[in-house]
Amino acid sequence: MTLERFINEQEAKHPGATGEFSGLLHDLSLAAKLVWREVSKAGLVDVLGSTDHTNSSGDIVKKLDVFADETIFKAMDHGGHVCVMASEENEDILHIPDEYAAGKYVLLYDPLDGSSNIDANITIGSIFSIFKRVSTTGKGTLQDCLQPGYKQVSAGYIIYGSSTIFVYSTGHGVHGFTLDPSVGEFLLSHENIRIPSKGKIYSLNEGNYCNWSDGMQKYIQYLKESDKATNRPYSLRYIGTMVGDAHRTLLYGGIFAYPGDRKNPQGKLRLMYECNPMAFIIEQAGGKSSDGTKSILQVQPTSLHQHTPVFLGSTEDVALCEKFLKESA
Ligand code: FDP
């Protein structure tokens, strides 16, 4: 079952569908293959290393970031499916060039997540989030982009790891497709992914421990204590690429977190490009997302590049973390 066939079969289940949304997903899968092709050649061609720019969050921009950013934009700008885009690498919204028609969808993307891992050949990924436009005509606007996560019509990611996997949801379960490089197609490999209700792994940058709140420190201490009945101690796994850490959490269960701390109360990760799409996937798979008190999908965005504390994973694990945070607040 190719991704293309799967998308077409899903479309056929919705008699009113115009094909616009399927077209958008097809274009995204092409963009994913183009980025994968370049990522898999890293080290052979001159794509490793940094540019001399920093992005709006102050991160050093890598050459592959730029390639992925431009490739995704160019794959999506002319199909007539999208009216506006926004990328983690760009300060402002990205307009569709005048010569192309504007469609009814809005695309937000993180072209290459986990940039600091690129040069070490460690898993990286691309993340996308799709909304329907709220403006009625013409070019899309900032308001089209600033919608809360629960309004996403689709979200997903491509993980460039030991194999390349395209994971997405349109609100009817989560499905994963592994790229078979010999035929150049994504093939259905993970149908209807469900996250376990409780896991045994925690995933976060524990180097920030001394800046965390009391509740956060107590929660992680609790996970490290030994207790057979509650399956503790947990194991720590942290890649430092959100896509990779969230994907493992989706498959194995447990919790992935990037909490706020005394230095950065809103944490490091971006609501629109990272947290919303991942929260949509995790919740669609039966898991839970939180900003510490409520679902990430309920956070009302006020700016394109805003950050939020994020907790994602198995329902029981994320609920327990929320409890620790609340009791020490
Ligand atoms: P990176 O800086 O390498 O691009 O948001 C970016 C991100 O990676 C996430 O993918 C990752 O989860 C996080 O930052 C890692 O941050 P720390 O280095 O602070 O742990």
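Numbers for residues simply follow the sequence, beginning at 1.
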Counting only pairs under 3.5 Å, give me each side-chain donor-acceptor contact of residues 72-80, with atom names and distances, residues two or more places apart or in other chains.
from : atom 1 : to  : atom 2 : distance (Å)
H78  : ND1    : K74 : O      : 3.1

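A donor-acceptor pair is defined here as one N or O able to donate and one able to accept, closer than 3.5 Å; no such pair exists between the side chain of D110 and the backbone of I127. Distance alone, capped at 3.5 Å, is enough to place a donor-acceptor pair between the S314 side chain and the G254 backbone. For the pair S154 (side chain) and S169 (backbone), a donor-acceptor distance under 3.5 Å is present. Using modelled atom types, no side-chain atom of Q298 and backbone atom of S295 make a donor-acceptor pair closer than 3.5 Å. No donor-acceptor pair under 3.5 Å is formed between the side chain of H81 and the backbone N or O of F21. With hydrogens and angles disregarded, a donor-acceptor distance shorter than 3.5 Å links the side chain of S126 to the backbone of P111. Checking side-chain atoms of H307 against main-chain N and O of R270 turns up no donor-acceptor pair under 3.5 Å. Between the side chain of E322 and the backbone N or O of S290 there is no donor-acceptor pair closer than 3.5 Å. Between the R262 side chain and the S213 main chain, no donor and acceptor come within less than 3.5 Å of each other. A donor-acceptor pair under 3.5 Å is absent between the side-chain atoms of D69 and the main chain of E89, judged by distance alone.
Criterion: ILVMFWY side-chain heavy atoms under 4.5 Å apart, direct or through other members. Under it, L24 and Y100 are part of a common hydrophobic cluster. With hydrophobic clusters built from ILVMFWY side chains whose heavy atoms lie under 4.5 angstrom apart, I159 shares a cluster with V174. No continuous path of ILVMFWY side-chain contacts below 4.5 Å connects L297 to V153, so the two sit in separate hydrophobic clusters. Put simply, L187 and L179 are part of two different groups of oily side chains (I, L, V, M, F, W, Y) that touch within less than 4.5 Å, one to the next.
The closest side-chain heavy-atom distance from E185 to K33 is below 4.5 Å. Between I158 and W36, every side-chain heavy-atom pair lies at or beyond the 4.5 Å cut-off. In this structure, the side chains of Y273 and D113 stay at 4.5 Å or more apart for every pair of heavy atoms. Counting only heavy atoms from C-beta outward, the side chains of K218 and Q221 never approach each other to under 4.5 Å. Inter-residue side-chain proximity for L28 and Y109 is flagged as unmet; no heavy-atom pair is nearer than 4.5 Å. Side-chain contact check for E70 versus V66: some heavy-atom pair is nearer than 4.5 Å. With a 4.5 Å cut-off on side-chain heavy atoms, M272 and S129 do not count as touching. Side-chain contact between F311 and I296: absent, with no pair of heavy atoms (C-beta onward) separated by less than 4.5 Å.
Here the shortest heavy-atom pairing between V310 and C275 reads CB-SG, 3.8 Å. The heavy-atom pair separating I93 from G140 by the smallest distance is CD1-O, 4.2 Å. The two residues G149 and F280 come nearest to each other via the heavy atoms O-CD1, 4.4 Å. Of all heavy-atom pairs between S29 and L3, the closest is CB-CD2, 3.5 Å.
Evaluation of the salt bridge (charged side-chain N to carboxylate O under 4.0 Å, His left out) test over residues 225-239, restricted to residues two or more places apart or in two chains, returns E225-R232, D227-R232.
For K288 and D317, the salt-bridge test fails: no basic side-chain N is under 4.0 Å from an acidic carboxylate O.
For the atom pair CG (L304) and CD (E88), the distance works out to 11.5 Å, reported to the nearest 0.5 Å. L250 CG to R194 CZ: the interatomic distance, rounded to the nearest 0.5 Å, is 10.0 Å. S115 OG to D65 CG: the interatomic distance, rounded to the nearest 0.5 Å, is 3.5 Å. Atom-to-atom distance recorded for H14:NE2 and T170:OG1 is 6.5 Å, nearest 0.5 angstrom. The CG atom of N276 lies 4.5 Å from the CD atom of Q152; values are rounded to the nearest 0.5 Å. Atom CD1 of I96 is separated from atom SG of C83 by 7.5 Å, given to the nearest 0.5 angstrom.
Using a 30° and 60° split on the angle between ring planes, F128 and F166 fall in the tilted class, from 30° to 60°. Ring-plane geometry between H247 and Y157 is classed as perpendicular, the angle between the planes exceeding 60 degrees on a 0 to 90 degree scale with a lower cut at 30.
At a cut-off of 3.5 Å, with distance as the only test, no side-chain donor of Q284 or Y168 sits close to an acceptor on the other residue.
At most 12 non-hydrogen atoms from other residues, nucleotides or ligands lie less than 6.0 angstrom from NZ of K323. Within 6.0 Å of the CG atom in N192, the count of heavy atoms belonging to other residues, nucleotides or ligands exceeds 12. Enclosure of atom NZ in K198 by more than 12 non-hydrogen atoms of other residues, nucleotides or ligands within 6.0 angstrom is indicated. Around CZ of F6, the count of heavy atoms belonging to other residues, nucleotides or ligands within 6.0 Å exceeds 12.
For Y222 and Y202, the gap between ring centers reaches or exceeds 6.0 Å.
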(Q) For T164 and F186: C-alpha separation, side-chain torsions, deciding distance, then whether side-chain contact (heavy atoms from CB on, under 4.5 Å) applies. (A) CA-CA 9 Å; T164 293; F186 285 103; 4.0 Å; yes

Q. For D144 and S135, what are the C-alpha separation, side-chain angles and deciding distance, and is it a side-chain hydrogen bond (donor to acceptor under 3.5 Å, both in side chains)?
A. CA-CA 6 Å; D144 288 320; S135 58; 2.7 Å; yes

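Partners of P233 under the side-chain contact (heavy atoms from CB on, under 4.5 Å) rule, at least two apart in sequence or in another chain, are S226.
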